[in-house]
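Below: the structure, in structure tokens.
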Amino acid sequence: MTADPFSILRVEDMLFLRVEVVNLRREGARLVREDPAAPALVLLQLPSQHVNESVLPGGQFPETVPAFAAGSSTLVFLLPDGQDGIDLTVDALMDWNGLTPTIAPANQPLDDPDEPTVVGGLPRTAIEFPTRVLLGHDHDGSAFEWSAHLAEPVVLDGRAELWHAELSGENGAPVHLKVFSVKAGPERTGMPLDRFVPGELLARTSLDQFIDVDGTSLRRPLLADRFMLTPLGATVRISGSWPTAPDFLGLSLTGYEHIASLGRDEFVHTVRQGFLSSGHRASLVDITRRTYDDPGDLTSVAYLHKERHIVVDQAEVAYGANAGYDRHQGRQIPFRSLRLTDLVTPVIDPGEGAFWVTVGGEPYRFHATATDAEGRHVSLDLPLVFASSDALDRMAAVYNDPATADRANVGLGGQTVALAENPSGDGSTGMPVTSARFTLAPASGNPAGVLPAMVDAVARVPAVEQLTGLATETAVRLHDAYLEQGLDGQPTGAFLHLVDALPMNLSAEKAGGLAKPSMAVQAVTTRAGLLAPKFLGAAGDAVGVDSASLAQIFGGTKLLGPIDLADLLADVPATSVAELRDLGEDEIRRRLDGVSRELLPVPLMRIGDLLDGSGSELRYVWKPALKNDLPLLDLDGAALVLEATTVRSPDALSKSSVRGELKHFAFVFADIVRVDFERLTFTARPGSAPDVSAAGVALTFEESLEFVNQLREALPSDVFGPGSFVDVNTSGITAGYSLTLPTLSLGMFNLSNVALAARLTIPFDDKPARFRFAVSERHNPFCVSVSLFGGGGFFALEVSTRGIEQIEGSLEFGGNASLDLGVASGGVHLMAGIAFQMAGDSVTLTGYLRCGGYLSVLGIVGITVEFYLALTYHKDNGISEVIGQGSVTVSVRVAFFSKSVTLALERRFTGSAADPSLTDTMKLEHWHEYCRDFAE
């Protein structure tokens, strides 16, 4: 029968061992093997060898500190084969080198999770150090021996030496140990070792299945320079060092060192591999020290204090196509590399798994130098997340947490950064960036599993500044077309997308003079500048744009005042967008110079550095395809060219220019006047007045005013040639002529004071283009007489791109006759006239008759009679009014007496825009009844 457990207790040196045996029975003073074929074991159980003491924050001195004692440790020995028993004496039981130690076999799980010391059917030597970590001899076959396990107490000067047993390697070399099991228990926080380390020690020291990429095992034993067991706890100096494991294995521990005296920790050092959210390989270093502090009462206390650092193991990381991004080949970040210059952090705040690196509760900003796509170095300070290799799957969630979104926003201080990689290297993608916001994107081809990607940025986009004229910051993100295809893979070279669409409202004098471009732009491109998004497909492919879409894009674009250019634009085929890929400056120049009838239907706004490096320039060019659908304009065969170059450099005045040209077009005003232009050209340079010239201008009256063409013979063939006037100011262009015809006398017919005037006004603002033609003026009418009859009048017509603005004129004619018989004299007169005026919705028509006579007898008696009758029709805002006026004046003079009497009458008849119609006053059935009655 197996012997019962018993204890060895020695008060002098505090020896205390609990002894259990397996397959040994007691026979007198010996323990004898019961079954010769079965293993016989001696189990020596020691008191707790470690106290797991809490770590205190610096500056705290509590009276008590939470601490937890480890369980007992057990040394398990086998009787050698052939040995039938062992003497039941202290000397025999303490002769451990004469026994065979039990070593846990490699890569074999526990027989029962509730029995952490039993493996392969046998209990194994299990020294619990540190707490919950069961150490045993390594299975690599290395030699070891126990020494100083005293069979008798050693007493000197009345004091006994503390019992101890020390394990060492051959010839005093470090002994090889391994962790073969980890005991379960409630989770403890604030300890020298975090909860991940015991499991890592088990994997790193016991399991051979973890293989490096070169096929070698990643397992390494713990090395103990000193390993002494005592009744008061272990005094040890153990360490472990392991190669960096492939990240897919989830192993993070690469270094471990532990120093303890009599079960109390003095120094604990762990190193765990991982990654920073920037993709840099880094290590989390935990150092726990027992420090002696003075709480101020003349005593000393020794507490455990822990400090944590991040050590950067990989100073520089390369981004781009080979970095391992799952999508976009690394284009989602504007940097090609990032070098960290802070390789060791100060003491950071606690955190485990994946966490933001903070110091004192505030994010620690790693100083770094980034290199953009054009080789430009950018300095930045950025908060980062650290994740150990076993927590990489949680890094993205921590970094992208909305609660800490402000930490993902990195200030760049206005440094110039190339936000996209441009193979041409012309600098068109570089701009001052105020800040950039990042996220973590999947990168399964990278050991970290995720890599940074830019969400958006706040930058000073040169194209936007040139457009608005303001040094303003704009929120942008990388364009989907650039992310999907890069710059060479799409025709427009779109690389940025404005977060908020920008209304592009170029004044006419900045965009060619003749038109005022207005559209909402959102794409920043290298080949077309700012561009409306409808010109781009989902992935940047060239797409055709129909007239309906063009109306949405250019709905506010004005031509020659208020004419909506969107109504004149023809469809833009996809081929016109696709040709932007190969559209060089020489080809653009050829198309703009008029030699070619080829178009530039997509407006181009190109920004680039000057060749001499003295500044930058913005070029806006557009030669759209036009259709002939607007009644006001005849554009059959017309061509519109807009070109503006704005330079920012010391000699900008000599390099900036604006040119606009519209050829082969005609204004058609209200179907009564047609003005044909062979060419209308606008040119301007800073510091000088704009220059406007027109050629091939012809004026023709049509329809009801066709009779005026009889007067064209008196006009110059080119009214804008010599003798004409052109006036250009900040409000627009005024051009025309004014010609007074000579007096014409033919017998009794006399025509004089006839003046012909024509004026064309093209404004730069939203006012309409206007044309005014006049034969004489109200204040200076023409005169005509035939014998004793005479009269005069004027005519003026003003039309604009909105229609007829004003038509007015008047014609008066009459006669005068007198008779003198000596005794009596007298005369009669008769005058009649008509005047009309139409302005907008207001119409006025007036006709009058004035007649009278006088008679004088001998100069003593005289009588005068005058009759006046006028009828005026006026309509304004839909309300009409007829006004009739009449008067009779009779004057009588006798000698020195005179008397005049006037009888006047005026009547007004006013209508209303709301007067009911016949339909409003009669029902349909009543109307039918009325019609039947009359039909009968």
Side-chain angles (χ1 to χ4, degrees), residues 1-34 38-52 68-79 85-104 110-112 114-119 121-137 146-154 160-167 180-181 183 185 227-236 262-263:
M1 179 179 181
T2 299
D4 293 331
F6 58 92
S7 298
I8 299 176
L9 176 62
R10 198 162 60 199
V11 177
E12 294 88 345
D13 56 3
M14 302 182 66
L15 170 63
F16 177 73
L17 295 174
R18 179 178 172 79
V19 182
E20 296 181 15
V21 295
V22 175
N23 195 28
L24 290 173
R25 69 176 184 273
R26 186 171 181 176
E27 291 185 358
R30 281 181 62 81
L31 295 172
V32 180
R33 190 189 299 261
E34 289 186 299
L41 294 91
V42 176
L43 290 77
L44 304 175
Q45 190 177 88
L46 285 78
S48 174
Q49 295 297 304
H50 182 251
V51 176
N52 201 19
F68 307 91
S72 59
S73 295
T74 303
L75 305 179
V76 181
F77 298 96
L78 285 167
L79 265 67
I86 185 173
D87 293 339
L88 191 56
T89 63
V90 174
D91 288 342
L93 294 174
M94 300 290 285
D95 185 13
W96 300 340
N97 290 323
L99 301 175
T100 301
T102 57
I103 299 174
L110 299 176
D111 293 0
D112 183 352
D114 295 330
E115 294 291 339
T117 63
V118 179
V119 181
L122 293 177
R124 307 292 176 171
T125 293
I127 302 170
E128 187 172 343
F129 185 92
T131 303
R132 296 183 183 168
V133 175
L134 300 184
L135 295 177
H137 304 290
W146 287 97
S147 61
H149 42 289
L150 305 176
E152 296 291 337
V154 177
E161 179 181 326
L162 181 68
W163 178 87
H164 60 278
E166 187 169 358
L167 181 64
F180 72 92
S181 181
K183 294 171 63 176
F227 198 83
M228 180 186 294
L229 306 180
T230 77
L232 297 181
T235 296
V236 299
L262 299 180

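In terms of heavy atoms, Val22 sits closest to Thr2 at CA-CG2, 4.5 Å. In terms of heavy-atom proximity, Phe180 sits nearest to Gly136 at CD2-N, 4.0 Å. Contact detail for Thr230 and Leu162: the closest heavy-atom pair is CB-CD2, 3.9 Å. Looking at every heavy atom in both residues, Arg33 comes nearest to Arg25 through O-NH1, 3.6 Å. Taking all atoms of both residues into account, the shortest heavy-atom contact from Glu12 to Pro153 is CB-CB, 4.1 Å. Pro47 approaches Phe16 most closely through the heavy-atom pair CD-O, 3.6 Å.
The distance from the CD atom of Gln49 to the CG atom of Leu232 is 9.0 Å, given to the nearest 0.5 Å. Distance NZ/Lys183 to CZ/Arg132: 8.5 Å, rounded to 0.5 Å. Rounding to the nearest 0.5 Å places CD of Glu27 at 9.0 Å from CD of Glu34. Here CG of Leu15 is found 7.5 Å from CG of Leu9. Values are rounded to the nearest 0.5 Å. Distance OG1/Thr89 to CD1/Ile8: 9.0 Å, rounded to 0.5 Å. Ser7 OG to Leu44 CG: the interatomic distance, rounded to the nearest 0.5 Å, is 11.0 Å.
Within the 3.5 Å criterion, the main-chain N or O of Thr125 finds a donor-acceptor partner in the side chain of Thr102. A donor-acceptor pair under 3.5 Å is formed between the side chain of Asn23 and the backbone N or O of Ala38. In this structure, Thr235 contributes its side chain and Leu262 its backbone to a donor-acceptor pair below 3.5 Å. Glu128 places a side-chain N or O within 3.5 Å of a backbone atom of Gly71 that can act as its donor or acceptor partner.
No side-chain heavy atom of Leu31 sits under 4.5 Å from any side-chain heavy atom of Leu79. Proximity of Leu17 to Met94: side-chain heavy atoms (C-beta onward) are separated by under 4.5 Å at one or more points. Counting heavy atoms from C-beta outward, Leu41 and Leu24 have side chains that stay 4.5 Å or more apart. Within the 4.5 Å cutoff, side-chain heavy atoms of Leu167 are placed close to those of His137. Considering only heavy atoms from C-beta on, Arg124 stays 4.5 Å or farther from Val118 through its side chain. Using a 4.5 Å cut-off on side-chain heavy atoms (C-beta onward), Thr74 and Leu46 make no contact.
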Passes side chain to side chain contact (heavy atoms under 4.5 Å, CB included), Thr131 versus Phe68? Steps please.
-> CA-CA 8 Å; Thr131 303; Phe68 307 91; 5.5 Å; no
Apply side chain to side chain contact (heavy atoms under 4.5 Å, CB included) to Phe6 and Arg26, showing your working.
-> CA-CA 12 Å; Phe6 58 92; Arg26 186 171 181 176; over 6 Å; no
Steps toward side chain to side chain contact (heavy atoms under 4.5 Å, CB included) verdict (Ile86, Phe77) | CA-CA 12 Å; Ile86 185 173; Phe77 298 96; over 6 Å; no
Test Ser181 against Leu110 for side chain to side chain contact (heavy atoms under 4.5 Å, CB included), laying out the working first.
-> CA-CA 8 Å; Ser181 181; Leu110 299 176; 3.5 Å; yes
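Using cut-offs of 30° and 60° on the angle between ring planes, the pair Phe227 and Phe129 is perpendicular.
Partners of Arg10 by side chain to side chain donor-acceptor pair (under 3.5 Å), not counting sequence neighbours, listed by chain and number: Asp13.
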